[in-house]
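Notes follow once the structure below has been shown.
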Amino acid sequence: MSGRRRQAGVGRDRVAELEQLYAQLPQIQCKGFCVESCGPIAMSPLERQRIKERGIEITPLAPTCPALAQIGLCSVYEVRPMICRLWGLVEQMACPWGCRPEGGFLDDVTARRMLQRADRIGAKDTTGRQ
């Protein structure tokens, strides 16, 4: 197998691993009013790359999220990073508009662990090393 093909396979494996992690989060019926909550965020290199592949460059110092469309909706919703997915799911980051996760809030410890796992998955280079 060529190096390039092997790297692509590792990248797909990492994306699949992230998607499996995201699937563990409770569902929330978002009303789409949280645009004011979008701002500078941290994310793993893999999460940043997935967004960049959609044509959006998010820098850590951006005052507002450049992924927001003119109507205030996330233009990269399908590939948004873990921190964005946790918004509204954790009591400390509860939605001010009343959206609540199915089954109740995640506790802070669980949320931190999810963030750490996403960071570990997303920090690996294309050969699978950290």
Side-chain angles (χ1 to χ4, degrees):
M1 179 183 292
S2 75
R4 178 170 278 167
R5 195 177 296 160
R6 187 172 42 251
Q7 288 178 349
V10 170
R12 280 192 303 272
D13 291 347
R14 291 171 50 222
V15 168
E17 201 174 343
L18 268 179
E19 292 296 336
Q20 289 173 355
L21 182 62
Y22 296 157
Q24 295 174 30
L25 296 171
Q27 298 295 308
I28 190 168
Q29 295 300 316
C30 178
K31 299 174 186 174
F33 299 140
C34 56
V35 64
E36 294 173 5
S37 303
C38 299
I41 57 170
M43 67 185 86
S44 73
L46 177 59
E47 290 172 315
R48 189 174 308 284
Q49 181 60 37
R50 293 179 73 197
I51 292 169
K52 189 175 183 178
E53 289 170 0
R54 301 283 177 103
I56 305 291
E57 182 81 32
I58 297 180
T59 61
L61 301 177
T64 60
C65 183
L68 290 174
Q70 288 182 345
I71 56 173
L73 298 177
C74 181
S75 64
V76 295
Y77 190 82
E78 301 81 27
V79 296
R80 71 197 185 282
M82 179 61 81
I83 190 66
C84 298
R85 292 169 189 269
L86 287 171
W87 178 255
L89 300 182
V90 182
E91 195 162 14
Q92 296 299 318
M93 297 188 325
C95 173
W97 313 119
C99 302
R100 297 292 180 255
E102 295 174 11
F105 289 109
L106 295 175
D107 61 76
D108 290 340
V109 172
T110 301
R112 270 192 231 102
R113 285 185 183 144
M114 298 293 273
L115 277 170
Q116 289 168 346
R117 282 187 62 199
D119 285 343
R120 276 194 305 273
I121 294 166
K124 297 175 185 170
D125 71 18
T126 56
T127 62
R129 296 184 304 245
Q130 289 190 347

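Keep in mind that this is a model prediction, so the values were computed, not measured.
Between C95 and R100, the closest side-chain pair of non-hydrogen atoms falls below 4.5 Å. Within the 4.5 Å cutoff, the side chain of V15 has no heavy atoms near those of the R12 side chain. Counting only heavy atoms from C-beta outward, the side chains of P26 and L106 approach each other to under 4.5 Å. Residues E102 and Q29 form a side-chain contact, since some pair of their non-hydrogen atoms from C-beta on lies under 4.5 Å apart.
When all heavy atoms are compared, the tightest approach of P81 to I51 is CD-CD1, 3.7 Å. Contact between I58 and P66 at its shortest, heavy atoms only, is CG1-CG, 3.8 Å. Here the closest heavy-atom approach between residue S44 and residue A123 is recorded as CB-N, 4.4 Å. K31 approaches W97 most closely through the heavy-atom pair NZ-O, 3.0 Å. Across every non-hydrogen atom of D107 and V109, the tightest pair is OD1-N, 3.0 Å. Nearest approach of C84 to I41, heavy atoms of both residues: SG-CD1, 3.6 Å.
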Working for salt bridge (Lys or Arg N to Asp or Glu O under 4.0 Å), residues E19 and R50: CA-CA 12 Å; E19 292 296 336; R50 293 179 73 197; 2.7 Å; yes

Verdict with reasoning, E53 to V79, per side chain to side chain contact (heavy atoms under 4.5 Å, CB included): CA-CA 10 Å; E53 289 170 0; V79 296; over 6 Å; no

Pair R85-M114, side chain to side chain contact (heavy atoms under 4.5 Å, CB included): steps then yes or no: CA-CA 10 Å; R85 292 169 189 269; M114 298 293 273; over 6 Å; no

Steps toward side chain to side chain contact (heavy atoms under 4.5 Å, CB included) verdict (M82, L25): CA-CA 10 Å; M82 179 61 81; L25 296 171; 3.7 Å; yes

Q49/R14 under side chain to side chain contact (heavy atoms under 4.5 Å, CB included): CA gap, chis, key distance, verdict: CA-CA 12 Å; Q49 181 60 37; R14 291 171 50 222; over 6 Å; no

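Separation of atoms CG (L21) and CD1 (I121) is listed at 5.0 Å; rounding is to 0.5 Å.
Linking Ile, Leu, Val, Met, Phe, Trp and Tyr whenever their side-chain heavy atoms come within less than 4.5 Å leaves F105 and L115 in two separate clusters. Both I56 and I83 are assigned to one and the same hydrophobic cluster, defined by single-linkage of ILVMFWY side chains at heavy-atom distances under 4.5 Å. Residues L68 and W87 do not share a hydrophobic cluster, defined by chaining ILVMFWY side chains whose heavy atoms lie under 4.5 Å apart.
Side-chain N or O atoms of S75 include one that pairs as donor or acceptor with a backbone N or O of A67 at under 3.5 Å. Side chain of R80 to main chain of Y77: a donor-acceptor pair is present (N/O by atom type, distance under 3.5 Å, no hydrogens or angles). Between the side chain of E47 and the backbone N or O of G122, no donor-acceptor pair lies under 3.5 Å.
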